[in-house]
Amino acid sequence: MEKLALILGNKNYSSWSMRAWLALKRTGADFAETVIPLRRPETKQAISAHSPSGLVPVLRHGDVVVWDSLAISEYLAELFPEAGLWPEDPGARAEARAVSAEMHAGFAALRRALPMNVRARLSAKGRNGDVDSDIRRISGIWETCLDRHGGEFLFGPFTIADAMFAPVVSRFRTYRVDLPRTCRDYADAVWDTPEMRDWTAAAETEPHAIPDLDGP
Ligand SMILES: N[C@@H](CCC(=O)N[C@@H](CS)C(=O)NCC(=O)O)C(=O)O
């Protein structure tokens, strides 16, 4: 098989990159990774050398180029069926796709007010009613999935749906968001996966800071 290469933004700040990277790690496949620091003078040109949309993450696999986190995850699920990246049951799989799509397309208020910053602990300055309603909806999704399908993760074993919500898990830690008990346990389980630990360890020591996102 051609070697897989994933092009990412900073591990500390790039929430979309985290999703694709976690999905790829779960396949167990060998891959090369390139981190492009975001918000620097050379960023745009560096990303455009790989990505038709000018955004990361991008997966390259021979002639195939996939430049969106959810599309990358779908591609990996097809390439590595044995990795169980989606639930086996068609109904559960449809639900996992629905919550993943909801995360992919939604929660703009939360994203704006609580940007991902893995290594920081900050106060949530821009938290308002819209952010609270995003937090309630996300907690509701987690509770419903855990109740209907869960073991440790939303659909039992770790799937793409968990990778899609992993940056939210990090945001909730950074901004010390209070959660119902079940959601707290779920968030801890995601945070404690070996893949997430690898990612957060790399984020801790990454040299490139974005001062605007680091708070006062
Ligand atoms: N829908 C895209 C969104 C990707 C995205 O917005 N990526 C951000 C980084 S997290 C980016 O590339 N920004 C370009 C820049 O900051 O120059 C996906 O799911 O991959």
Side-chain angles (χ1 to χ4, degrees), residues 4-27 31-61 64-79 85-86 96-120 122 126 134 138 141 154 159-175 190 195-196 198-200 202-204 206-215:
L4 292 151
L6 190 63
I7 297 101
L8 309 164
N10 316 45
K11 290 194 173 171
N12 193 51
Y13 305 104
S14 184
S15 55
W16 297 107
S17 300
M18 178 193 273
R19 297 173 167 106
W21 187 91
L22 288 174
L24 182 47
K25 280 300 260 193
R26 293 301 290 200
T27 68
F31 67 97
E33 66 177 61
T34 305
V35 172
I36 298 178
L38 300 174
R39 301 215 197 169
R40 291 162 73 102
E42 65 279 14
T43 301
K44 201 176 170 54
Q45 205 184 350
I47 295 180
S48 298
H50 301 282
S51 168
S53 66
L55 299 173
V56 283
V58 187
L59 179 76
R60 306 190 71 103
H61 185 216
V64 178
V65 181
V66 196
W67 60 89
D68 173 89
S69 56
L70 194 50
I72 292 170
S73 303
E74 289 283 9
Y75 182 69
L76 295 172
E78 286 185 25
L79 213 54
L85 288 179
W86 288 122
R97 283 198 162 108
V99 300
S100 298
E102 188 172 344
M103 181 66 247
H104 193 251
F107 307 118
L110 176 119
R111 286 184 192 159
R112 232 185 344 264
L114 314 182
M116 191 174 92
N117 190 333
V118 172
R119 62 187 169 223
L122 301 167
D134 282 354
I138 290 169
I141 290 173
L154 296 179
T159 66
I160 289 167
D162 302 293
M164 291 303 291
F165 283 101
V168 171
V169 165
S170 173
R171 288 169 150 114
F172 286 173
R173 276 185 110 80
T174 294
Y175 300 96
V190 171
E195 294 80 8
M196 196 69 166
D198 276 7
W199 178 279
T200 57
E204 290 285 344
E206 209 168 43
H208 316 286
I210 302 178
D212 283 359
L213 298 178
D214 279 345

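Start at 1 and go down the list; that is how both ligands and their atoms are numbered. Quick note: numbers below take in every heavy atom, side chains included, and nothing from hydrogens, waters or symmetry partners.
Considering backbone and side-chain N/O atoms, Ser69 comes within less than 3.5 Å of an N/O atom of ligand 1. For a threshold of 3.5 Å applied to N or O pairs, the pair formed by Val56 and ligand 1 contains at least one separation below that value. Considering backbone and side-chain N/O atoms, Asp68 comes within less than 3.5 Å of an N/O atom of ligand 1.
Contact annotation: the side chain of Phe107 approaches that of Glu102 to within less than 4.5 Å [non-hydrogen atoms, C-beta and beyond].
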Intermediate values then yes/no, side chain to side chain donor-acceptor pair (under 3.5 Å), Tyr13 and His208:
CA-CA 10 Å; Tyr13 305 104; His208 316 286; over 6 Å; no
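Nearest protein heavy-atom contact of atom 5 (C) of ligand 1 is Trp16 CD1, 3.3 Å. In terms of protein heavy-atom proximity, atom 16 (O) of ligand 1 is nearest to Leu38 CD2, 3.9 Å. Protein heavy atom at the shortest distance from atom 17 (O) of ligand 1 is Thr43 CG2, 3.8 Å.
Short contacts between ligand 1 and Pro57, defined as distances under 4.0 Å to a heavy atom of the residue, involve ligand atoms 20 (O).
No donor-acceptor pair closer than 3.5 Å links the side chain of Asp198 to the backbone N or O of Glu195. In this structure a side-chain-to-backbone donor-acceptor pair under 3.5 Å is missing from Ser51 to Trp67. Listed for the Arg26 side chain is no donor-acceptor partner under 3.5 Å among the backbone atoms of Trp21. Formation of a donor-acceptor pair under 3.5 Å by the Asp162 side chain with backbone atoms of Leu154 is found in this model.
Considering each of Ile72, Leu55, Ile210, the one bringing a non-hydrogen atom nearest atom 11 (C) of ligand 1 is Leu55. Atom 9 (C) of ligand 1 has its nearest heavy-atom neighbour, among Pro115, Ser53, Gly54, Ser14, in Ser14.
Within a 6.0 Å sphere centred on CD of Gln45, other residues, nucleotides and ligands contribute 12 heavy atoms or fewer.
A salt bridge between Glu33 and Lys11 is present, with a side-chain N of the basic residue lying under 4.0 Å from a carboxylate O of the acidic one.
Contacts of His104 with ligand 1, taken as heavy-atom pairs under 4.0 Å, involve the side chain alone.
Heavy-atom distances between Ser17 and ligand 1 stay at or above 4.0 Å for every pair.
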